[in-house]
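These notes concern the structure reproduced below.
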Amino acid sequence: MDFGFLDQLWVARIPLLKGLGVSISISLLSIVAGTVLGIFVGLALVYAYRPVQWLVRGYTDFIRGTPVLVLVLASYYVLSTVGIDLGPFQAGVLALAVFCSSHVGELVRGALQAIPKGQTEAAKAIGLTFPQTFAYVLGPQALRQALPAWVNTAAEMVKASTLLSIIGVGELLLRTQEVISRTFMSLEFYFFAGFLYFVINYGIERFGRYVERKTAVPS
Amino acid sequence: MTNLLEIRDLHKRYGTVEVLKGVDCSMRQGEVISIIGSSGSGKTTMLRCINMLEEFQGGTISIDGQEIGYETVGGVRRRKPEREIARQRALTGMAFQQFNLFPHMTAAGNVMLGLVKVKKMSRDEARGLAEKWLDRVGLLSRKDHYPGQLSGGQQQRVAIARAIAMNPKLMLFDEVTSALDPELVNEVLQVIKGLAEDGMSMLIVTHEMRFAYEVSSRVIFMNQGRIGEEGDPREMFLKPKTERLAEFLKTSTFN
């Protein structure tokens, strides 16, 4: 009987696939939640009243200055000491979403501030209210501006999802390590896991390019 | 009959710097008034106060008897609610030095936005009106082009169509040819002349003296935050009464 890599891969296919599924879930949930939250963070950074702006600025600076791993550990171990008992999956996704929101917030802020003031003035001059100006003039332009950097952040989130293995979430990396500890084929299985992460991120990047092409303005 | 525009003792400060030091001006329906003066004299600021792109600290501006931007309740002057200010801004149309077209919308889309969102027209109705005005500025064939695909002069004509399609009572032109290459200036001035012939009420801040001379029913010369001199264009340009205006005209090109 031959116990080559492909045989071992076949034997381990179920836990690895499950791990892949968990990794994708973590990434997707934290990217979606982080982006929604991040848009509000960005809006607050640009348009909120001063005291709110300072508060939100403090939030993003603090989060961005903290290693993601620390956020993950804090979310799992510290929150439970104040009575918020989250499972490892929930705690991990929360930490990643918060991390993602501070980055997306900065992207949105930068994109909004890069739009010339004349755009707002022209919108005002034809009688648009601020919500209308945002919805039809500023928002669409900011979206195009922020898209490439957002794709980058999304890819970062996929990579950061591996950190949840530390708090025992059975995502792809942890499952891979378990398989390795049984088969001792560390090189092969680490390569394989790396390949899967690459495929996910390549997909995200292609998707970003596609949206960029679709929303490009002819000139 | 009330005047179309009535400005009384307009004061505007940026911090401690007073840029408008008490401007009075009234304008009747159908008048075309050019505002000239050196940079920093307050002419653009005055224009921007009329549609509340700038706040002002003293005085009143009224359009058709409606007080713009502020109200005085129980002796306290306060800014009107934003929704009301947005509504009042639609009384005027403005064309800007930098055109400020929305780059992610076609020429027709630029003109239609205000019609659909502010005037609540149906898209079909708005499209019809947009095409009418784009035709008027000679750009119907470019209606599906994006601003990035148009020349400066074409962009400015679309911007004028966008403003005028909203059917404003008063058009404000803020140095609309200053950012254009010389050979593109004329096509924009021709459009404005056409509007003047239609009886559109217009306030035009400009450095084009020949144009101001030809198109205006009245000229206002701004000097250091005040109106230095105003009157009939022929008299203003040929027989300036004040030393300052004579100085200014000497340094500007009249061709």
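The basis for the numbers below is simple: all heavy atoms, side chains too, and nothing from hydrogens, waters or symmetry mates. First the proteins, then the strands, lettered A, B, ... as listed; each starts at 1.
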Should we say atom CZ of A:Arg57 is surrounded by more than 12 heavy atoms from elsewhere, each under 6.0 Å from it? yes

Is atom CZ of B:Arg13 surrounded by more than 12 heavy atoms (other residues, nucleotides or ligands) closer than 6.0 Å? no

Quick one: do B:Phe96 and A:Glu121 satisfy side chain to side chain contact (heavy atoms under 4.5 Å, CB included)? Show the steps, please. CA-CA 9 Å; B:Phe96 300 85; A:Glu121 293 186 347; 3.9 Å; yes

For B:Val118 and A:Gln132, which heavy atoms make the closest approach, and how far apart are they? CG2-OE1, 4.5 Å

Within the supplied structure, the quantity of interest is the number of heavy atoms (other residues, nucleotides, ligands) at a distance under 6.0 Å from B:Lys169 NZ; does it exceed 12? no

If I measure from the heavy atoms of chain A, does B:Leu150 come under 4.5 Å with its side chain, its backbone, both, or neither? neither

Output the option from A:Val217, A:Thr215, A:Val137 having the highest count of non-hydrogen pairs under 4.5 Å with chain B. A:Val137

Name the option with the most non-hydrogen atom pairs under 4.5 Å to chain B; the candidates are A:Gly118, A:Ala216, A:Ala135. A:Gly118

Residue part contacting chain A, namely of B:Met105, when any heavy atom lies under 4.5 Å: side chain

Got a second to check how far B:Phe102's CZ is from A:Thr133's OG1, nearest 0.5 Å? 7.5 Å

Determine the minimum heavy-atom distance between A:Ala122 and B:Asn100, stating which atoms define it. CB-O, 3.5 Å

Are there more than 12 heavy atoms of other residues, nucleotides or ligands under 6.0 Å from atom CZ of B:Arg77? yes

Is the backbone N or O of A:Pro218 less than 3.5 Å from a side-chain atom of B:His145, with the two atoms forming a donor-acceptor pair by type? no

Please indicate whether B:Arg79 has more than 12 foreign heavy atoms, meaning atoms of other residues, nucleotides or ligands, lying under 6.0 Å from its CZ. yes

Roughly how far, to the nearest 0.5 Å, is CG of A:Leu128 from NZ of B:Lys117? 9.5 Å

Contact leader toward chain A among B:Gln149, B:Arg48, B:His104, B:Arg87, where contacts are heavy-atom pairs under 4.5 Å: B:His104

Check whether more than 12 heavy atoms from other residues, nucleotides or ligands sit under 6.0 Å from atom CZ of A:Phe191, and answer yes or no. no

Separation between CG of B:Leu53 and NZ of A:Lys117, rounded to the nearest 0.5 Å: 9.0 Å

Heavy-atom side-chain contact between A:Phe130 and B:Glu82 under 4.5 Å: no

Which answer fits B:Thr92, side chain, backbone, both or neither, if we ask what part of it has an atom under 4.5 Å from a heavy atom of chain A? backbone

B:Gln88 side chain to A:Gly127 backbone, donor-acceptor under 3.5 Å: no

Any chance OH of B:Tyr70 has more than 12 other-residue heavy atoms, nucleotides or ligands included, within less than 6.0 Å? yes

